*Asks:* 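Can you read through this structure? Questions will come right after.
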Amino acid sequence: MPYLSLFAAAFVAATLLPAQSEVLLAYYLARPDLSVAGLIVAATIGNVLGSTVNWYLGRYLRHFQDRRWFPVKPREMERAERIYHRFGRWSLLASWAPFIGDPLTLIAGVLREPLPSFLIIVTIAKAGRYLLVAAFAFAWL
């Protein structure tokens, strides 16, 4: 159950909904009965799939961006779009970052980033973040 709950927390954290998964990962890492690799893989897969939801939203829902319910504010969209245009697909390496990462994954969909390259770059970024979280967690344990 810990792997599934971490997967779910990471999935939600990667969507445009406000959530955090790093604290839950650190908590589970303190449990010797759980696999470190399994936890990192569960968190990474959940986070990448959540980012993929953003990609699909960007790809198919941009025409709703002026609606009040649209999950990304116009300023966030503009900022993410500037970064994406400046650095191209490599800006997705920042998809792990708070505040800008989720809009970047949405912009990737809006700007029609091919799904295979999106998945590769976002997986690298998200796995890197969880590896760093694990390293910091073990430094504190």
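Index from 1, following the sequence. All values reported here derive from a predicted model rather than from experimental measurement.
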*Asks:* Does either side chain, that of Y130 or that of S21, offer a donor lying less than 3.5 Å from an acceptor on the other one?
*Replies:* yes
*Asks:* Taking the side chain as every heavy atom from C-beta outward, state whether Y3 and L34 have any pair of such atoms under 4.5 Å apart.
*Replies:*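 Result yes, sub-4.5 Å side-chain heavy-atom pair found.
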*Asks:* Measure the CZ-OG1 distance between F11 and T52 for me, rounded to the nearest 0.5 Å.
*Replies:*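 Taking CZ in F11 and OG1 in T52, the distance rounds to 8.5 Å.
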*Asks:* How close do T15 and D102 get, heavy atom to heavy atom, and via which atoms?
*Replies:* O-OD2, 3.0 Å
*Asks:* At what distance, to the nearest 0.5 angstrom, does CZ of F87 lie from CZ of R82?
*Replies:*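 If we round to the nearest 0.5 Å, F87:CZ and R82:CZ are 12.0 Å apart.
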*Asks:* Roughly how far apart are Y27 OH and L39 CG, rounded to 0.5 Å?
*Replies:* 12.0 Å
*Asks:* Can you find a side-chain donor-acceptor pair between S95 and K126 that sits under 3.5 Å?
*Replies:* no
*Asks:* Give the intermediate values and the outcome of side-chain hydrogen bond (donor to acceptor under 3.5 Å, both in side chains) for residues Y28 and S5.
*Replies:* CA-CA 10 Å; Y28 284 145; S5 63; 2.7 Å; yes
*Asks:* For a side chain to side chain contact (heavy atoms under 4.5 Å, CB included) check, start with the C-alpha distance between F7 and L49, then their side-chain angles and the critical distance, and finish with the verdict.
*Replies:* CA-CA 10 Å; F7 171 89; L49 288 176; 3.8 Å; yes
*Asks:* Could you give the distance from CG (L119) to CD1 (I124), rounded to the nearest 0.5 Å?
*Replies:* 11.0 Å
*Asks:* I want to check something: taking the side chain as every heavy atom from C-beta on, are L115 and R59 in contact at a cut-off of under 4.5 Å?
*Replies:* no
*Asks:* Could you tell me whether the side chain of W90 reaches within less than 4.5 Å of the side chain of L93, counting heavy atoms only?
*Replies:* yes
*Asks:* So, using side chain to side chain contact (heavy atoms under 4.5 Å, CB included) as the criterion, who are the partners of Y84 when residues are at least two apart?
*Replies:* R89, S91, L92, L104, I107, A108, L111, E113
*Asks:* Hey, does V133 have a side-chain heavy atom less than 4.5 Å from the side chain of F136?
*Replies:*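 No. Closest side-chain heavy atoms not under 4.5 Å.
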*Asks:* Which heavy atom of V12 sits nearest to which heavy atom of A19, and what is that distance?
*Replies:*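 Heavy atoms only, the tightest pair is CG1-CB, 3.7 Å.
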*Asks:* Applying salt bridge (charged side-chain N to carboxylate O under 4.0 Å, His left out), name anything that partners D33, two or more places apart in sequence or on another chain.
*Replies:* R31
*Asks:* Check T44 against A127 and note the closest heavy-atom contact, atom names and distance.
*Replies:*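 The answer is OG1-CA, 3.6 Å.
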*Asks:* Roughly how far, to the nearest 0.5 Å, is the CG atom of L131 from the CG atom of L25?
*Replies:*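 It is 9.5 Å, given to the nearest 0.5 Å.
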*Asks:* Can you name the closest pair of heavy atoms from A137 and A26 and give their distance?
*Replies:* CB-CB, 4.0 Å
*Asks:* Grab the two heavy atoms, one from L6 and one from L24, that are nearest each other, plus how far apart they are.
*Replies:*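 Closest approach of L6 to L24, heavy atoms only: CA-CD2, 3.9 Å.
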*Asks:* Can you measure from CG (N54) to OG1 (T105) and round to the nearest 0.5 angstrom?
*Replies:*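 Taking CG in N54 and OG1 in T105, the distance rounds to 3.5 Å.
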*Asks:* When you group the ILVMFWY residues by side-chain heavy-atom contacts below 4.5 Å and let the links chain together, are W55 and W96 in the same group?
*Replies:* no
*Asks:* Please tell me whether V23 and L132 are part of a single hydrophobic cluster in this structure, the criterion being side-chain heavy atoms less than 4.5 Å apart.
*Replies:*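 V23 and L132: separate clusters.
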